[in-house]
Amino acid sequence: MASTAPPKTLTKVLKLDTEEDVAVALAKYTADLSEKYIKAKGSFSVVLSGGTLIDTLRKLVESPYKETVDWSKWLIFWVDERVVPLDHEDSNYLLASRGLLSKVPIPPTNIYAINDKKSPEGAAIDYENRLKELVSKNILPISNISGFPKFDLMLLGMGPDGHVASLFPTRQQRYEKEKWVTFITDSPKPPPPRITFTFPVINSASEIAMVVTGAELAGTTKIALGTAGNVPGEAPVPCTEVSAEGELTWFLDKDAASKL
Ligand SMILES: O=C(O)[C@H](O)[C@@H](O)[C@H](O)[C@H](O)COP(=O)(O)O
């Protein structure tokens with residue numbers, strides 16, 4: 001397998017005014033990429049997070065994008081998922097279903113939710129196997145730089161502790177270099193059982209949007225963007241390890257950007 005060291009990534013930082021401005025810019029960015037990738041390869045693979053991201057995507061399911069995006073070519077995945085039934089209030093699938101998937105005509109067979117009947121370990125193995133099946137059917141490509149699956153767009157949020165996906169500062173999943181999908185049973189952010197993509201998969205994406213709003217994330221954003229060091233005595237923040245094979249774009253409101 002090729003080296004998994006993150007390649008040097010092109011990073012763009014968009015400092016917007018309000019959260020509403022972030023929502024407007026994120027919708028246009030996503031719709032533009034959808035058009036670009038569908039033109040180039042006939043489909044658009046999108047990896048969602050949970051948390052506030054789905055609400056920040058709200059403009060994408062309004063006019064004009066609701067009508068202009070070719071939803072039939074979208075493939076939906078989750079960068080992390082809580083291991084709970086898909087109709088449980090904690091489920092990232094349910095969150096995305098309510099805020100996005102129920103509002104646009106993405107074919108149900110293109111929506112890759114976790115198998116909620118399995119244990120965290122079983123769900124991670126199952127999700128990785130399903131990705132491998134998509135690779136074998138040429139639905140999902142493999143990065144010729146990293147050897148890991150290459151998604152077109154990952155939409156990531158960040159926690160105040162600098163976690164992305166379910167890769168937390170003090171948990172070992174952030175160091176995984178072989179698996180595509182792993183699991184955690186003691187997530188510091190509830191609920192504890194989750195599955196998550198690993199950094200080699202995240203960093204193989206063509207495009208990544210880091211969507212970060214709110215003053216409580218200002219200090220971590222400063223560290224993430226390299227204008228401050230990690231807090232001495234604390235585990236280094238995982239978000240500094242995010243890179244993309246194409247472009248990494250940070251969407252910040254003025255509160256999140258206030259310490260830059
Ligand atoms: O399972 C989850 O909660 C998410 O997928 C997680 O990785 C999220 O993106 C960050 O915790 C940021 O969450 P907020 O956007 O709510 O701050």
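As the structure is a prediction and not an experimental result, all values here were calculated from the model. Positions are given from 1 along the sequence. Both counts, for ligands and for their atoms, begin at 1 and track the order of listing.
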key: Flag for S143-E245: side-chain donor and acceptor within less than 3.5 Å   = yes

key: Cationic tip of K132 above W180 ring, under 6.0 Å, 45° of axis   = yes

inquiry  = E176: which residues meet the side-chain hydrogen bond (donor to acceptor under 3.5 Å, both in side chains) condition with it, sequence neighbours left out?
reply    = none

Can you give me a line-by-line list of nitrogen or oxygen pairs between ligand 1 and the protein shorter than 3.5 Å?
residue, atom, partner, partner atom, Å
ligand 1, 1 (O), D80, OD2, 3.2
ligand 1, 1 (O), R82, NE, 2.8
ligand 1, 1 (O), R82, NH2, 3.3
ligand 1, 1 (O), N92, ND2, 3.3
ligand 1, 1 (O), R194, NH1, 3.0
ligand 1, 3 (O), R82, NH2, 2.7
ligand 1, 3 (O), K189, NZ, 2.9
ligand 1, 5 (O), G50, N, 2.8
ligand 1, 5 (O), D80, OD1, 2.4
ligand 1, 5 (O), D80, OD2, 3.1
ligand 1, 7 (O), D80, OD2, 3.3
ligand 1, 7 (O), A165, O, 2.7
ligand 1, 11 (O), H163, NE2, 2.5
ligand 1, 11 (O), K189, NZ, 2.7
ligand 1, 13 (O), K189, NZ, 3.3
ligand 1, 15 (O), T52, N, 3.0
ligand 1, 15 (O), T52, OG1, 2.5
ligand 1, 16 (O), T52, N, 3.1

query = For I202 and M154, which heavy atoms make the closest approach, and how far apart are they?
reply = CA-CE, 3.7 Å

request  = Compute whether any side-chain donor of one residue and acceptor of the other, for T196 and D80, lie under 3.5 angstrom apart.
outcome  = no

inquiry  = I'd like to know if K36 and E207 make a salt bridge, using a cut-off of under 4.0 Å between side-chain N and carboxylate O.
reply    = yes

